[in-house]
Amino acid sequence: MRSPEPLEAILLVGGQGTRLRPLTLRTPKPLLPTAGVPFLAHMLAKAQAHGVRRIVFATSYRASMFADAFGDGEAFGLEIVYMTEETPLGTGGAIRNAAEALTCPQDAPVLILNGDILSGHDISAQVDFHRSRGAAVTLHLTEVEDPSRFGCVPTTPDGVVTAFLEKTPNPVTNRINAGCYVFQRSVIDLIPQGEVVSVERETFPGLIEAGQMVLGYADASYWLDVGTPAAFVQGSTDLVQGRLESPALPGAAGESLLLDGAVVSPEAKVTGGTVVGARATVEAGASVRGSVLADDCVVGCGAVVVDSVVGAGAHVAPGAVLRGVVVGDGARIGEGNELTSGLRIWPGVSLPECSVRFSSDV
């Protein structure tokens, strides 16, 4: 990574995170506790390390919570300002709306970040690639095993994007749009103001058709869209275990991360990158692997929690089993329950003992 030059950025954080409910009923997805801190803390620390000095949050859903969490950005070595969409404007419309708060000149590059992506790619190298070629826009492209789920972005051998292809059973490349862009400031102004615009379906194809240079900066580093509960848990555990380094991780990488006031019995097993939230309790004989335990929750004696989220103040009774599930804030899971297969328990719900099982109780 070169010594970073000062950059302005726009951070897209307006979505409602519906795929992550009930976790996002009260909290925007980018603020969910992830490896011990709000998800965006990892992104802000990385952006600052790559030369971002001023960042505009493009907010919509529960907008005031972002300012409450990050203030003016001083704690991150950043200047943070906030622009709110009264009605959702799509990715392009959100970028155009937030651009009203930019201060950089028309010929400056502007970094665009999506608030639901964990990435290990080199932002500075992407910006350098953009500058060296005089591009209108440079997209980060990542390689995935199954691009048919995402659509794909073919390029020439020297990185010029030739098309944006919708999802197809026969993709022409395994490279997809990874959600981090470098725009020339002047190009952002080409997006219609106050209108619903998709950069993927309208802006990028329109630039290519107009003969503007759209580049793809491709690499195969760590990348994860945390839009589903399983991916959210994976992102948190990967950060805790050090599979993706983050300056914002509040502790050393390892099998578990215990926050202030957490109590784990010496007879319990907590592994796989699990976070045990502040004042949370894991009792004797419990086994917790690869999970996110929020503040003030309790996992009772002999309970099993695997690849799951247990919400703030929730209670998992002794002997209950959770595999790949989400338990909402304040919910209570009674003894003898066996929850699995992506089940979601809404906040405040109480499951009496032996209410739900996926196997015999013998």
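What you see is a predicted model; the values in this text were computed from it and never measured.
At a threshold of 4.5 Å between non-hydrogen side-chain atoms, the residues V326 and V233 do not count as touching. Counting only heavy atoms from C-beta outward, the side chains of R26 and P347 approach each other to under 4.5 Å. Annotation: side chain of L257 is in contact with side chain of L249 (closest heavy-atom distance under 4.5 Å). No side-chain heavy atom of V56 sits less than 4.5 Å from a side-chain heavy atom of E100. Counting heavy atoms from C-beta outward, V161 and F204 have side chains that stay 4.5 Å or more apart. No side-chain heavy atom of I95 sits under 4.5 Å from any side-chain heavy atom of V110. No side-chain heavy atom of T155 sits less than 4.5 Å from a side-chain heavy atom of V160. Using a 4.5 Å heavy-atom cutoff, the side chains of L165 and P154 are in contact.
Rounding to the nearest 0.5 Å places OH of Y222 at 5.5 Å from CG of L118. To the nearest 0.5 Å, the span separating CD on Q234 from CG on D225 amounts to 11.0 Å. The structure places CG of L89 at 10.0 Å from CD of Q193, a figure rounded to the nearest 0.5 Å. Atom CG of residue L141 and atom OG1 of residue T173 lie 8.0 Å apart, to the nearest 0.5 angstrom. Of the inter-residue distances, the one linking L102 atom CG with I55 atom CD1 reads 10.5 Å to the nearest 0.5 angstrom. Note that the NE2 atom of H121 and the CD atom of Q126 stand 4.0 Å from one another [nearest 0.5 Å].
Side chain of N114 to backbone of C180: no donor-acceptor contact under 3.5 angstrom is found. With hydrogens and angles ignored, the 3.5 Å screen pairs no side-chain donor or acceptor of R344 with any backbone N or O of P22. Checking side-chain atoms of T237 against main-chain N and O of G290 turns up no donor-acceptor pair under 3.5 Å. N174 contributes no side-chain N or O that, together with a main-chain N or O of E143, makes up a donor-acceptor pair within less than 3.5 Å. Judged purely by atom type and a 3.5 angstrom limit, Q241 has no side-chain atom pairing as donor or acceptor with the backbone of E255. In terms of modelled atom types and a separation under 3.5 Å, the side chain of S236 and the main chain of A35 share a donor-acceptor contact. No side-chain donor-acceptor contact under 3.5 Å links Q48 to the backbone of L78. The closest donor-acceptor contact from the side chain of E353 to the backbone of E335 lies at 3.5 Å or more, if one exists at all. Using modelled atom types, one side-chain atom of T91 and one backbone atom of V199 make a donor-acceptor pair closer than 3.5 Å. A donor-acceptor pair is defined here as one N or O able to donate and one able to accept, closer than 3.5 Å; no such pair exists between the side chain of D295 and the backbone of A312.
Residues N97 and M83 share a closest heavy-atom pair of O-CE, 3.4 Å. Scanning both residues, V327 and A314, for their nearest heavy atoms gives CG1-CB, 4.0 Å. Residue T138 comes nearest to F129 through the heavy atom pair CG2-CD2, 4.0 Å, listed as atom of the first residue, atom of the second, then distance. The minimum heavy-atom distance linking A294 with A280 is given by the pair O-CB, 3.7 Å. The two residues A231 and L224 come nearest to each other via the heavy atoms O-CD2, 3.4 Å. The shortest heavy-atom contact between A320 and G334 is CB-O, 3.9 Å.
Within a 6.0 Å sphere centred on CD of E74, other residues, nucleotides and ligands contribute 12 heavy atoms or fewer. Under a cut-off of 6.0 angstrom, the local environment of CD in Q106 is crowded, with over 12 non-hydrogen atoms contributed by other residues, nucleotides or ligands.
Connection of F66 to F76 is established within a shared hydrophobic cluster, with ILVMFWY side chains joined at heavy-atom distances below 4.5 Å, either directly or through further cluster members. Both L31 and V13 are part of a single hydrophobic cluster, where members link through side-chain heavy atoms under 4.5 Å apart. I123 and F183 are assigned to two separate hydrophobic clusters, defined by single-linkage of ILVMFWY side chains at heavy-atom distances under 4.5 Å. L113 and Y82 end up in the same hydrophobic cluster when Ile, Leu, Val, Met, Phe, Trp and Tyr side chains are linked at under 4.5 Å. Side-chain heavy atoms closer than 4.5 Å link hydrophobic residues (I, L, V, M, F, W, Y) into clusters, and following such links, even through other members, never connects V275 to L20.
Ring pair H140/Y217 is tilted by interplanar angle, where 30° to 60° counts as tilted.
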Apply side chain to side chain contact (heavy atoms under 4.5 Å, CB included) to residues E283 and V298 and explain how you reach the verdict. CA-CA 8 Å; E283 296 180 349; V298 175; 4.0 Å; yes

Derivation of the side chain to side chain contact (heavy atoms under 4.5 Å, CB included) call for D158 and R133: CA-CA 10 Å; D158 63 347; R133 298 285 295 278; 3.4 Å; yes

Check the pair T203 / Y181 against side chain to side chain contact (heavy atoms under 4.5 Å, CB included), numbers first and verdict last. CA-CA 12 Å; T203 305; Y181 318 127; over 6 Å; no

F57 and L40: CA distance, side-chain angles, deciding distance, side chain to side chain contact (heavy atoms under 4.5 Å, CB included) verdict: CA-CA 11 Å; F57 277 43; L40 283 187; 3.7 Å; yes

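In summary, of the residues considered (V182, V137, L111), a side-chain contact (heavy atoms from CB on, under 4.5 Å) with H130 occurs for V182 alone. Between V304 and the options L322, V288, V321, V316, a side-chain contact (heavy atoms from CB on, under 4.5 Å) holds for only V321.
Judged by distance alone, the side chains of T84 and T59 do bring a donor and an acceptor atom under 3.5 Å apart. Checking S186 against Q184 by side-chain atom types alone, no donor-acceptor pair falls below 3.5 Å.
Under 4.0 Å is where a charged nitrogen must lie from a carboxylate oxygen, and between D116 and R19 no such pair does.
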